[in-house]
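Here is how names work: the chains are called A, B, and so on, in the same order as the sequence lines, proteins then strands, and each is numbered from 1. Note: hydrogens, waters and symmetry copies are ignored here, and every other heavy atom, side chains too, is used.
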There are 2 protein chains.
Amino acid sequence: MRTDYCGNINASYIGQTVTLCGWVNRRRDLGGVIFIDLRDREGLVQVVFDPDLVELFDTANSLRNEFCVQLSGLVRARPAGQVNADMSTGEIEMLGKSLTILNKSAPLPLDWNQENSEEQRLKYRYLDLRRPLMSDRLKFRAKVTHAVRNFMDGAGFLDIETPILTKATPEGARDYLVPSRTHKGQFFALPQSPQLFKQLLMMAGMDRYYQIVKCFRDEDLRADRQPEFTQIDIETTFLDANGVMAIAESMIRDLFQKMLNVDLGDFPQMTYAEAMRRFGSDKPDLRNPLELCDVADLVKDVEFQVFSGPANDANGRVAVIRVPGGASLSRKQLDDYAKFVGIYGAKGLAWMKVNDLAAGMEGLQSPVLKFLSEDVAQGIVARCGAQTGDLILFGADSKTVVTEALGALRLKLGEDLGLLQGEWRPLWVVDFPMFEEVDGRLYALHHPFTAPRDMTPEQLAADPANAISNAYDMVLNGCELGGGSVRIHQQDMQAKVFQLLGISDEEAQIKFGFLLEALKYGTPPHAGLAFGLDRLVMLMTGATSIRDVMAFPKTNTAACPLTDAPGEANPEQLKELAIQVVKPTIEK
Amino acid sequence: MRTDYCGNINASYIGQTVTLCGWVNRRRDLGGVIFIDLRDREGLVQVVFDPDLVELFDTANSLRNEFCVQLSGLVRARPAGQVNADMSTGEIEMLGKSLTILNKSAPLPLDWNQENSEEQRLKYRYLDLRRPLMSDRLKFRAKVTHAVRNFMDGAGFLDIETPILTKATPEGARDYLVPSRTHKGQFFALPQSPQLFKQLLMMAGMDRYYQIVKCFRDEDLRADRQPEFTQIDIETTFLDANGVMAIAESMIRDLFQKMLNVDLGDFPQMTYAEAMRRFGSDKPDLRNPLELCDVADLVKDVEFQVFSGPANDANGRVAVIRVPGGASLSRKQLDDYAKFVGIYGAKGLAWMKVNDLAAGMEGLQSPVLKFLSEDVAQGIVARCGAQTGDLILFGADSKTVVTEALGALRLKLGEDLGLLQGEWRPLWVVDFPMFEEVDGRLYALHHPFTAPRDMTPEQLAADPANAISNAYDMVLNGCELGGGSVRIHQQDMQAKVFQLLGISDEEAQIKFGFLLEALKYGTPPHAGLAFGLDRLVMLMTGATSIRDVMAFPKTNTAACPLTDAPGEANPEQLKELAIQVVKPTIEK
């Protein structure tokens with residue numbers, strides 16, 4: 001039906017007659033001549049209809065936006081002065097010779113020149129996706145997955161599909177459930193990740209596995225979450241953490257090179273402890289030059305309890321952020337930042353301006369200056385390297401509050417003051433703790449299949465709170481792109497970790513009996529990781545939501561305004577599934 | 001941890017020291033020397049341990065089957081007479097120099113040298129997959145998907161993901177349902193195919209789409225069905241049926257060339273009517289030379305009602321199959337074939353043996369010969385081209401029964417008598433009817449979005465039972481590999497088809513309102529198809545079940561013996577989903 005795509009026609013076609021199919025992006029009537037911008041997936045081309053060809057002109061005249069047409073025309077150079085350097089086809093235009101309307105269009109319910117509500121955009125997704133911005137993102141995403149697959153295939157990874165209908169467990173509170181018809185009263189769960197299946201594939205000797213795979217999580221949706229999302233899932237055998245990280249890093253580097261012509265270079269590694277200390281985050285944005293600087297030792301003996309209290313508490317922290325040039329911030333701005341850190345539990349935000357470094361105490365300005373000796377004040381200034389014109393902001397509270405509050409404040413200051421440097425700053429964060437302790441109970445920081453670093457089960461049990469795991473996260477510009485770990489491959493270690501997590505032997509058997517059984521039969525050392533594809537593509541395309549890089553995302557109440565899903569089910573079918581809907585007595 | 005894969009070590013490595021990781025496939029103690037076959041994903045290599053290295057020898061001596069080990073050794077030529085031409089590594093062996101046991105193995109619960117039950121194989125899938133036969137199939141499958149993706153990408157197709165959580169409809173009786181937590185009492189359905197989403201992508205201007213995608217169907221499982229299966233799903237814009245078929249054919253041809261070094265050549269096209277007439281099937285196995293041959297006109301006037309009845313009935317059919325050399329079949333064999341056609345509703349199986357063609361009626365032998373005149377009998381012999389020694393089998397009943405019974409009989413004879421010719425015989429079946437009529441109601445033969453061939457809505461409504469659809473199936477060796485159609489792209493036609501299918505306007509609005517709405521806005525002509533990936537890989541690898549080309553299939557009660565899915569759900573979670581399990585009053 002066509003000889004080429006609209007977006008491909010350029011000066012090399014001049015003098016040729018081409019046939020195109022597409023949509024009327026815009027129709028203009030200028031001095032009795034009709035101009036059409038015809039659009040397809042690859043771009044736009046301008047077509048001119050001459051009033052001398054009466055029938056053709058009349059058809060062209062009847063065109064409206066988004067009519068779907070087939071047309072033939074002679075490619076010719078645009079008249080001097082009409083060349084449009086912003087269009088790939090801007091040097092040429094087509095003189096229309098024949099025109100068939102393939103399908104008419106009613107006026108669109110979306111105006112592309114306006115901001116449309118998310119609801120409207122999703123309801124008419126097929127129209128929203130016609131916008132070049134959106135179709136370019138889906139094209140970009142398809143190229144990303146293709147490049148990833150080529151890389152993985154070239155590196156000897158097998159693309160193996162794992163099940164979507166998996167085991168429901170009483171703990172899977174955020175699992176989507178699927179009632180079974182053949183086993184009435186029982187349920188499948190949609191996988192939150194193929195974690196155990198990929199480990200089983202390593203036990204099966206598949207050696208290197210990858211999959212670009214849908215995962216599911218039934219949680220309250222935030223801006224950047226969707227009920228179904230896509231992972232680049234990777235697992236390897238006989239490689240240590242550095243081996244896996246090298247492959248993953250090389251895959252991402254290759255991708256940025258191919259897709260964006262960006263050389264990410266070698267990724268630095270940073271321990272979790274250092275990231276929390278210097279950046280107040282386990283996913284530091286290294287484009288932001290601000291850092292947290294500990295000063296507890298300097299304020300241990302001051303009378304000001306707000307500082308000396310946390311400074312003398314093993315679970316406390318006192319730290320500052322130096323803001324270059326920040327002395328010019330207004331009282332109002334400082335108050336706003338104090339409110340901001342309040343979100344993270346900080347009870348205030350002490351500050352100190354260095355108005356004149358050379359003037360000693362005289363050159364400093366701060367509501368808390370009266371509580372500090374000259375030695376202490378100057379010590380803090382020296383410690384963080386503050387210069388004339390800088391601002392010092394204080395955090396003094398529990399370690400958690402200070403780290404979180406200053407970590408968040410650092411990001412906000414970086415954005416507000418336009419401090420970000422460089423475009424892409426990747427790194428690896430490593431040496432995470434094995435466990436988090438909450439109310440005396442241990443929780444796995446990654447998941448319960450993560451191996452500790454260089455330990456026997458006995459050593460792990462002796463001091464679990466301080467055990468370091470063999471896990472790693474890839475972070476880019478403050479976003480976690482992916483993460484993974486070396487897995488436990490020995491049964492005694494796996495049993496010990498379940499025990500430390502408070503999982504009884506009986507419960508472990510019910511939920512993970514097959515894993516413990518599988519670990520008996522020569523399980524190889526294995527390790528892997530997973531990337532969030534949606535987020536990766538979002539970052540690479542500069543989109544602000546993962547919804548904008550998915551064809552048919554759901555709203556933040558997990559609904560699809562286009563198809564009106566979810567919907568009512570067939571009552572007969574529910575009967576066959578042995579379930580019934582219970583209307584809540586009190587409507588929420 | 002290793003320098004290479006076991007299966008890669010060959011004579012070019014002689015003199016080198018290599019390090020390998022893998023599993024002990026077999027350990028033998030021959031005259032005080034220990035031989036190990038070490039296995040990884042790529043193959044086996046033989047390692048010899050010399051008793052002079054005592055410590056190493058003792059470790060080697062402690063090895064048992066399926067221990068996971070790392071070992072280094074010197075590659076050397078095998079002694080003359082010990083070369084194994086069946087192994088890729090059969091020219092060499094390794095002299096063990098160091099050995100680390102990475103993980104021990106308990107004795108396997110599966111004996112690979114015996115047939116294991118399907119249940120056992122699935123329960124210990126990670127062990128079953130270690131068998132080279134099984135791991136080779138998964139490797140083959142990964143190569144197939146990669147080749148398909150490369151082909152599609154090269155042809156300008158975009159890999160776009162469609163949702164797994166889709167709309168439940170009261171008609172989706174075989175849908176898997178997923179209760180929604182945020183919209184209590186409502187359900188998502190897992191897609192039986194992404195049909196409407198891919199059509200919406202064409203409406204969105206995506207032009208060419210493909211996806212290798214999971215689909216779901218909750219039906220009673222037969223040998224060759226699984227609750228979740230994988231489709232190669234394709235949709236295109238601005239192409240007619242032949243355009244789409246050319247791309248799909250070329251993709252499959254390319255695949256067979258690359259993977260099996262087989263040239264499938266150009267695929268013939270056959271109409272549905274011809275396929276049913278000549279082969280009694282809409283997916284004829286062209287390797288089978290037997291054909292159905294119509295003889296109703298010859299037996300119209302015989303007194304034998306069994307023949308003349310159907311021959312004079314517009315809905316009847318009388319046909320024969322000539323079996324070359326079949327005159328030697330015993331009475332017992334003929335009785336068994338009569339029983340066989342009984343399955344398909346045939347009330348008997350009349351036969352005629354051509355013992356001596358030259359001898360006229362004398363040379364024929366048949367229980368029904370007495371009912372036939374010489375002209376009729378000779379006419380039948382001539383019509384089907386029977387020669388001395390051949391057998392003629394009769395079908396006389398309703399068109400449906402004769403076609404199905406002889407179609408099935410043809411396949412059975414072909415197999416029983418070893419008549420199949422050629423290895424791969426692909427074809428396209430085209431010109432399907434739009435509808436099937438059952439009890440006066442029309443059903444879509446493909447699906448309700450399939451366009452009729454060259455018709456207006458009015459012409460379609462005038463004689464729907466005889467309308468031909470613009471659908472096509474790709475058939476290989478009697479298996480439907482894939483199928484598709486040109487889709488309806490005009491709203492009036494889509495509304496008319498819904499109407500003919502007995503879908504009320506209200507019902508159409510509820511179920512397909514979004515499609516009818518989308519058809520208003522310049523929907524382009526589009527067409528596509530889908531291939532069953534599991535079946536394709538099964539055929540290509542010679543496996544006998546799609547379970548053998550999937551990593552983690554389910555049993556025929558849709559359960560997973562490995563993870564013990566489905567399972568009990570969390571009662572709190574069911575409450576939150578506003579559903580409860582209803583124990584049936586009568587246990588089935």
Side-chain angles (χ1 to χ4, degrees), chain A residues 1 21 23 41 66-68 103 105-106 126 129-130 142 145-146 153 158-160 163-164 166-168 170 173 176-178 180-183 185-188 200 203-205 207 214 218 228 238 514 518 520-524 551-552 557-558 562-563 565-567 569-570 578-582, chain B residues 1 21 23 41 66-68 103 105-106 126 129-130 142 145-146 153 158-160 163-164 166-168 170 176-178 180-183 185-188 200 203-205 207 214 218 228 238 514 518 520-524 551-552 557-558 562-563 565-567 569-570 573 578-582:
Chain A
M1 289 182 71
C21 289
W23 288 264
R41 189 181 83 183
E66 298 307 310
F67 275 32
C68 181
N103 220 341
S105 176
Y126 48 91
L129 293 178
R130 285 189 194 169
T145 52
H146 196 70
D153 189 71
L158 300 180
D159 178 7
I160 301 177
I164 298 292
T166 63
K167 187 183 187 179
Y176 277 101
L177 293 182
V178 183
S180 163
R181 189 171 51 85
T182 39
H183 303 270
Q186 301 202 320
F187 293 82
F188 294 103
L200 289 167
M203 297 174 189
D207 205 79
K214 278 277 176 72
D218 184 13
E228 48 184 298
F238 305 128
F514 67 99
K520 284 186 196 165
Y521 303 107
T523 295
F552 300 104
T557 67
L562 167 58
T563 59
N570 180 333
I579 60 170
Q580 69 183 27
V581 170
V582 189
Chain B
M1 289 182 71
C21 291
W23 287 264
R41 191 181 82 183
E66 299 308 310
F67 275 31
C68 182
N103 220 342
S105 175
Y126 47 91
L129 292 178
R130 285 189 194 170
T145 53
H146 196 70
D153 189 71
L158 301 180
D159 178 8
I160 302 177
I164 298 292
T166 64
K167 187 185 186 176
Y176 277 101
L177 294 181
V178 183
S180 163
R181 189 170 51 86
T182 39
H183 303 269
Q186 302 202 319
F187 294 82
F188 294 103
L200 289 166
M203 298 174 189
D207 205 80
K214 278 277 175 74
D218 184 13
E228 49 185 297
F238 305 128
F514 67 98
K520 283 185 195 164
Y521 304 107
T523 295
F552 300 104
T557 67
L562 167 58
T563 59
N570 180 334
Q573 191 181 359
I579 60 171
Q580 69 184 25
V581 170
V582 189

If I take atom CG from residue B/Leu177 and atom CD from residue B/Gln186, how far apart are they, to the nearest 0.5 angstrom?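 Reported to 0.5 Å precision, the distance equals 12.0 Å.
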Could you tell me which portion of [X] (side chain, backbone, both or neither) has an atom closer than 4.5 angstrom to a non-hydrogen atom of chain B?
X	result
A/Thr523	both
A/Ile160	side chain
A/Thr557	both

Is the side chain of A/Arg130 donor-acceptor paired with the backbone N or O of B/Met203 at a distance under 3.5 Å, no angle test?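 It does hold such a pair.
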Between B/Glu66 (side chain) and B/Ala106 (backbone), is there a donor-acceptor pair under 3.5 Å?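 No.
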Only pairs of heavy atoms separated by less than 4.5 Å count here; which of [options] has the most with chain A?
options	value
B/Leu200, B/Asp207, B/Leu129	B/Asp207
B/Ala565, B/Pro163, B/Pro566	B/Pro566
B/Thr166, B/Ile164, B/Thr182, B/Asp159	B/Ile164
B/Leu158, B/Thr145, B/Val178, B/Leu562	B/Leu158

Hey, which of A/Phe514, A/Phe67, A/Tyr126 has the most heavy atom pairs under 4.5 Å with chain B?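 Between A/Phe514, A/Phe67, A/Tyr126, the count favours A/Tyr126.
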If you count heavy-atom pairs under 4.5 Å between each of A/Gln580, A/Met1, A/Lys520 and chain B, which one has the most?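 Max contact count across the listed options: A/Gln580.
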Ring pair (Phe, Tyr, Trp, His ring centres under 6.0 Å) involving A/Phe238 - partner list, sequence neighbours excluded: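 Partners of A/Phe238 under the ring pair (Phe, Tyr, Trp, His ring centres under 6.0 Å) test: B/Trp23.
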Are side-chain heavy atoms of A/Tyr521 and B/Ser105 found at a separation under 4.5 Å?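 In short, these two side chains touch, coming nearer than 4.5 Å.
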What I'd like to find out is whether the side chain of A/Ser180 reaches to under 4.5 Å of the side chain of A/Phe188, using heavy atoms alone.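 Yes; the side chains approach each other to less than 4.5 Å.
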Salt bridge (Lys or Arg N to Asp or Glu O under 4.0 Å) involving A/Arg41 - partner list, sequence neighbours excluded: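 Testing A/Arg41 for salt bridge (Lys or Arg N to Asp or Glu O under 4.0 Å), a comparison that skips the adjacent residues, returns none.
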